[in-house]
Amino acid sequence: MSLRIATFNIQHGRGPDGRSDAGRLANALALLDADVVGLQEVDVGVSASQRLDQARLAADATGLAVAFCPVSRVGWRGRYGNAVLARGEIDDVEEVELPRSSRGERRVALLARVRTGGRSLSVVTTHLSVRAIDAGPQLEATLVALAARPPPRILLADCNMGPAAVAPLVEAAGMVLAIGPPTFPSSAPRLQIDHVAVDGMAIEAASVPESAVSDHRPLIVTVT
């Protein structure tokens, strides 16, 4: 049995016009047609994105269960973070604090157990720092936390690093990295900085469709 999994930095749901539109974001997420999704740069109650609960909007648009993990607060009520979506059940959710960046930024990994397609999966999603000197140790910490969970395991992440930097760390953790087309910037992608890696599963195909939202394109991977 195959599964369709995806990672997508939605950049607050912004389109090319710089606006966060609920209908446009919902349509972009529904088009992923995935069984398991990791989202980054998700807003909940942020005024700049119309105070939408983008985690709930994602769940409603896709028909998937959702778990949201805030990374930081925005204003009085707003939160910003990562989310996992799954066609099935999500439980055993854990927030893992990653090493802070050299600029003091807080980064968090969202770990969860996902039950889908008759199997139980260990899933982590995260958004790493822009500088490789910070992102490398953060990825290592993410992989250590994921390794403590039972296989099969899935990493869904905006690593802000290309495959040449990500692959050695992923392989050292016993995982296989999906090599796909570039994901960033969305208008004319040149770099693959969004990544999927698996342990206990085989990668069949990887694709990067266009999207009406974000400065990233989603990475969609089919696994068995």
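For clarity, every value in this text was computed on a predicted model and none was experimentally measured. We count residues from 1, following the sequence as given.
R4 is linked by a salt bridge (charged side-chain N to carboxylate O under 4.0 Å, His left out) to nothing, counting only residues two or more places apart in sequence or in another chain. Residues meeting the ring-ring contact (aromatic ring centres under 6.0 Å, His included) test with F184, sequence neighbours left out: H216. For D199, the salt bridge (charged side-chain N to carboxylate O under 4.0 Å, His left out) test picks out R153, with sequence neighbours left out.
The main-chain N or O of H12 is found under 3.5 Å from a side-chain atom of Q54 such that the two form a donor-acceptor pair. Of the possible polar contacts, none joining the T125 side chain to the L110 backbone as a donor-acceptor pair under 3.5 Å is found. Looking only at distances, no side-chain donor or acceptor of Q138 sits under 3.5 Å from a matching main-chain atom of L128. Side-chain atoms of D158 come within 3.5 Å of backbone N or O of N160 as a donor-acceptor pair. Checking side-chain atoms of S122 against main-chain N and O of P150 turns up a donor-acceptor pair under 3.5 Å. Between the side chain of S49 and the backbone N or O of L52, no donor-acceptor pair lies under 3.5 Å. Formation of a donor-acceptor pair under 3.5 Å by the R190 side chain with backbone atoms of P182 is not found in this model. Between the side chain of N82 and the backbone N or O of V108, at least one donor-acceptor pair lies under 3.5 Å. Under the 3.5 Å distance criterion, the side-chain polar atoms of H195 are matched with a main-chain donor or acceptor of M161. Here the side chain of S2 pairs no donor or acceptor atom with the backbone of T224 at under 3.5 angstrom.
Considering only heavy atoms from C-beta on, M201 comes within 4.5 Å of I154 through its side chain. L111 has its side chain within reach of R149: a pair of non-hydrogen atoms, C-beta onward, lies under 4.5 Å apart. Counting heavy atoms from C-beta outward, S102 and R131 have side chains that approach closer than 4.5 Å. No side-chain heavy atom of T142 sits less than 4.5 Å from a side-chain heavy atom of V96. Looking at heavy atoms from C-beta onward, I5 lies in side-chain contact with V196 at the 4.5 angstrom threshold. Side-chain atoms of V114 and V84, non-hydrogen and from C-beta on, do get closer than 4.5 Å to each other. Within the 4.5 Å cutoff, no side-chain heavy atoms of F8 are placed close to those of R217. Contact annotation: the side chain of S207 approaches that of I220 to within less than 4.5 Å [non-hydrogen atoms, C-beta and beyond].
Annotation for E97: atom CD counts as buried by contact number, over 12 foreign heavy atoms lying within 6.0 Å. At most 12 heavy atoms of other shown residues, nucleotides or ligands fall within 6.0 angstrom of atom CZ in R73. In the displayed structure, R77 atom CZ is contacted under 6.0 Å by at most 12 heavy atoms of other residues, nucleotides or ligands. Within a 6.0 Å radius of CZ in R106, more than 12 heavy atoms belonging to other residues, nucleotides or ligands are found.
Hydrophobic clustering, with ILVMFWY side chains joined whenever heavy atoms are under 4.5 angstrom apart, groups M175 together with I179. Put simply, V123 and I203 are part of the same group of oily side chains (I, L, V, M, F, W, Y) that touch within less than 4.5 Å, one to the next. A continuous path of hydrophobic side-chain contacts links V124 to L139 [ILVMFWY only; heavy atoms under 4.5 Å]. No continuous path of ILVMFWY side-chain contacts below 4.5 Å connects V93 to V71, so the two sit in separate hydrophobic clusters.
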Practice task
Walk me through it: do S129 and D134 pass the test side-chain hydrogen bond (donor to acceptor under 3.5 Å, both in side chains)?
Solution key: CA-CA 6 Å; S129 294; D134 299 319; 4.8 Å; no
Exercise for the section: Output, in order, the C-alpha distance, side-chain angles, deciding distance and verdict of side-chain contact (heavy atoms from CB on, under 4.5 Å) for V44 and V46. Expected result: CA-CA 6 Å; V44 173; V46 176; over 6 Å; no
Practice task
Under the side-chain contact (heavy atoms from CB on, under 4.5 Å) rule, what do V166 and L177 come out as? Steps first, then yes or no, please.
Solution key: CA-CA 8 Å; V166 173; L177 186 67; 3.9 Å; yes
Practice task
Show your working on side-chain contact (heavy atoms from CB on, under 4.5 Å) between Y80 and V42 and close with a plain yes or no.
Solution key: CA-CA 6 Å; Y80 159 92; V42 180; over 6 Å; no
Practice task
May I have the step-by-step check of salt bridge (Lys or Arg N to Asp or Glu O under 4.0 Å) for R119 and D35, ending in yes or no?
Solution key: CA-CA 12 Å; R119 70 187 71 184; D35 300 294; over 6 Å; no
Problem - V176 vs V170, side-chain contact (heavy atoms from CB on, under 4.5 Å): CA-CA, chis, key distance, verdict - result: CA-CA 7 Å; V176 177; V170 163; over 6 Å; no
Practice task
Test side-chain hydrogen bond (donor to acceptor under 3.5 Å, both in side chains) on T7 and Q40 and set out the steps.
Solution key: CA-CA 8 Å; T7 187; Q40 304 86 37; 3.1 Å; yes
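Annotation for R24 and A212: closest pair CD-O, 3.7 Å, computed over non-hydrogen atoms. In plain terms, the two heavy atoms of A55 and F68 that are nearest each other are CB-CB, 3.9 Å. Heavy-atom minimum distance, G13 versus V213: O-CG1, 3.8 Å. Across P99 and P137, no two heavy atoms sit closer than the pair CG-O, 4.1 Å. Taking all atoms of both residues into account, the shortest heavy-atom contact from G180 to A206 is CA-CB, 4.1 Å. Across A34 and L64, no two heavy atoms sit closer than the pair O-CD1, 3.6 Å.
Atom-to-atom distance recorded for L169:CG and L155:CG is 10.5 Å, nearest 0.5 angstrom. Note: D215 CG to Q11 CD = 3.5 Å, rounded to the nearest 0.5 Å. Expressed to the nearest 0.5 Å, how far OG of S186 lies from CZ of R14 amounts to 12.5 Å. Note that CD of E89 is 9.5 Å distant from OG of S120, once rounded to the nearest 0.5 Å. Atom CD1 in I10 sits 6.0 Å away from atom CG in L29 (nearest 0.5 Å). Between L98 atom CG and H127 atom NE2 the span is 12.0 Å, to the nearest 0.5 Å.
Using a 4.0 Å cut-off between charged side-chain N and carboxylate O, R115 and D92 make no salt bridge.
Considering L156, V66, L32, V36 in turn, V66 is the only one that fulfils the side chain to side chain contact (heavy atoms under 4.5 Å, CB included) rule with L85.
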